[in-house]
Amino acid sequence: MIFIKEIARNILDWYQGKWNQGLNRYPWRIGKKNPYQILIAELLLQHTTAKAVSDNNSYQIFLEKFPDIFFLNRAKIQDLIKILNPLGLYNQKSERIKKLTKYILEKCEGQIPKDKNDLLKVPGIGDYIANAILTFTYDQNEVPLDNNLKRIALNVWNIKTKENLIHFYKKLAEPNPKIIYWALFDIGRFHCRKPVPICKGCPMIQYCGFFKLKGS
DNA sequence: CTCCAGCTGC
DNA sequence: GCAGCTGGAG
């Protein structure tokens, strides 16, 4: 993988191009976000398209009503369901938010943990959201390994095991973890999608095993 | 591994 | 109808 820096550059250029066209300017990507704001974004986005969260302004409305964990603690379950309704999964999401808020207030003095192991103890926060908070809030390089990243790595480089995925993505994301991972989510949706990838315009096309075999 | 659980595009 | 959507818990 001696071309890894080149691939990273292509990905960053691709992302910038989309950004200039206004195609990936999601509200949770604009400006500097604190851990609470990233946590809420990830909870809303679970099993939900970025388009849905973005189009309904759910994220902005949620943060206006509940700008921090203390406001959120006073929220009624019905208020949460009302905002989350357009996204689907609102019962599960609102219950999860209530439990997680209670835990953070009672066990963490209202502060979202900065340590990976402490994040994982919070109910509702798993490996993905813990890494997303560390990477998207603090500019660390903890791989937010979701189905997009798994599918891309399998198609492009035939990387399968979790250890290999983590090792590879840490290297790839090195120049700018936050932007690279956001870009990969978008590439997973625009190009490296199921059931058939749309390779035209993909920034990784010249390095891609799938494209060499049967890409179009 | 299975279940969760609603909306969307196909 | 059905699979997929920036997963987590048991």
Side-chain angles (χ1 to χ4, degrees), chain A residues 11 14-15 18-19 23-30 33 35-59 62-63 77-78 80-104 112-113 116-137 139-155 160-162 165-166 169 172-173 176-198:
Chain A
I11 291 172
W14 179 91
Y15 187 83
K18 295 291 178 191
W19 185 270
L23 296 179
N24 53 6
R25 276 186 228 177
Y26 298 114
W28 52 93
R29 294 182 181 175
I30 296 171
K33 300 299 182 196
Y36 173 77
Q37 293 166 329
I38 295 294
L39 173 61
I40 295 303
E42 299 304 336
L43 290 170
L44 299 199
L45 284 162
Q46 273 186 330
H47 281 288
T48 308
T49 57
K51 186 175 183 308
V53 181
S54 185
D55 286 358
N56 290 299
N57 283 327
S58 305
Y59 181 64
F62 194 102
L63 288 182
I77 199 84
Q78 286 306 324
L80 294 178
I81 290 177
K82 204 169 178 182
I83 300 177
L84 300 175
N85 184 59
L87 304 182
L89 302 171
Y90 41 84
N91 285 318
Q92 188 185 47
K93 281 178 178 172
S94 54
E95 281 297 333
R96 214 168 255 189
I97 287 170
K98 286 303 275 183
K99 279 184 190 162
L100 166 153
T101 301
K102 185 172 158 62
Y103 181 93
I104 291 174
I112 295 167
K116 174 79 181 276
N117 289 323
D118 292 334
L119 280 168
L120 291 175
K121 289 177 193 161
V122 181
I125 296 184
D127 194 63
Y128 170 84
I129 294 185
N131 284 351
I133 289 173
L134 294 173
T135 296
F136 298 131
T137 304
D139 287 302
Q140 296 185 28
N141 185 1
E142 298 299 322
V143 186
L145 190 62
D146 74 335
N147 284 324
N148 284 305
L149 270 62
K150 288 179 187 169
R151 190 173 61 257
I152 291 168
L154 181 66
N155 287 345
K160 295 171 184 169
T161 68
K162 187 174 177 182
L165 285 164
I166 300 296
Y169 275 127
L172 179 68
N176 192 337
K178 200 157 69 171
I179 302 298
I180 297 263
Y181 293 123
W182 279 337
L184 288 166
F185 297 152
D186 295 339
I187 290 165
R189 183 168 64 257
F190 286 131
H191 294 298
C192 209
R193 57 200 287 180
K194 274 189 160 187
V196 185
I198 299 170

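Here is the naming used below: chain letters follow the sequence lines, and residue numbers restart at 1 for every chain. Heavy-atom basis, side chains included; hydrogens, waters and symmetry copies ignored. Bear in mind the structure is a predicted one, so any value in this text is a computation, not a measurement.
- Note on Ile129(A): only backbone sugar-phosphate atoms sit closer than 4.0 angstrom, heavy atoms only; bases stay farther off.
- Put simply, the side chain of Asn24(A) gets close to the backbone of Trp19(A): a donor and an acceptor are under 3.5 Å apart.
- Counting non-hydrogen atoms under 4.0 angstrom, Ile125(A) reaches the backbone sugars and phosphates but no base.
- Of the two residues near DNA chain C, Tyr128(A) and Leu120(A), the one whose nearest nucleotide lies more 5' is Tyr128(A).
- Between Asn85(A) and Arg193(A), the residue anchored closer to the 5' end of DNA chain B is Asn85(A), taking for each the nucleotide with the nearest heavy atom.
- Residue Ala52(A) is out of contact with every strand shown, counting any heavy-atom pair closer than 4.0 Å.
- Between the side chains of Tyr169(A) and Asn141(A), no donor N or O sits under 3.5 Å from an acceptor N or O.
- Across all strands shown, Arg151(A) has heavy atoms under 4.0 Å from sugar-phosphate atoms exclusively, and none from any base.
- Using a 4.0 Å heavy-atom criterion, one finds that Glu42(A) contacts the bases of the nucleic acid, with or without backbone contacts as well.
- Regarding Gln92(A), its CD atom lies at a distance of 10 Å from the C1' atom of dG6(B), rounded to whole Å.
- At least one donor-acceptor pair closer than 3.5 Å links the side chain of Asp146(A) to the backbone N or O of Leu149(A).
- Atom-to-atom, CG of Leu84(A) to P of dC7(B) comes out at 12 Å; the value is rounded to the nearest Å.
- At least one donor-acceptor pair under 3.5 Å links the side chain of Arg151(A) to the backbone N or O of Gly188(A).
- Regarding Glu95(A), its CD atom lies at a distance of 13 Å from the C1' atom of dA5(B), rounded to whole Å.
- With a heavy-atom cut-off of 4.0 Å to chain A, the contacted part of DNA chain C has its first and last nucleotide at dG4(C) to dA9(C).
- The nearest heavy atom of DNA chain C to Gly124(A) and to Trp182(A) marks one nucleotide each, and the one closer to the 5' end goes with Trp182(A).
- Regarding Leu43(A), its CG atom lies at a distance of 17 Å from the P atom of dG6(B), rounded to whole Å.
- A distance of about 23 Å separates the P atoms of dT2(B) and dT6(C), rounded to the whole Å.
- Panel note: side chain Thr48(A), backbone Gln46(A); a donor-acceptor pair is recorded below 3.5 Å.
- Residue whose closest nucleotide on DNA chain B sits further toward the 5' end, between Lys51(A) and Tyr90(A): Tyr90(A).
- Checking side-chain atoms of Tyr59(A) against main-chain N and O of Gln37(A) turns up a donor-acceptor pair under 3.5 Å.
- If you measure from atom CD1 of Ile97(A) to atom C1' of dC4(B), you get 16 Å, rounded to the nearest angstrom.
- With hydrogens and angles disregarded, no donor-acceptor distance shorter than 3.5 Å links the side chain of Thr137(A) to the backbone of Leu134(A).
- Rounded to an integer number of Å, the gap from NZ of Lys194(A) to P of dC10(B) is 17 Å.
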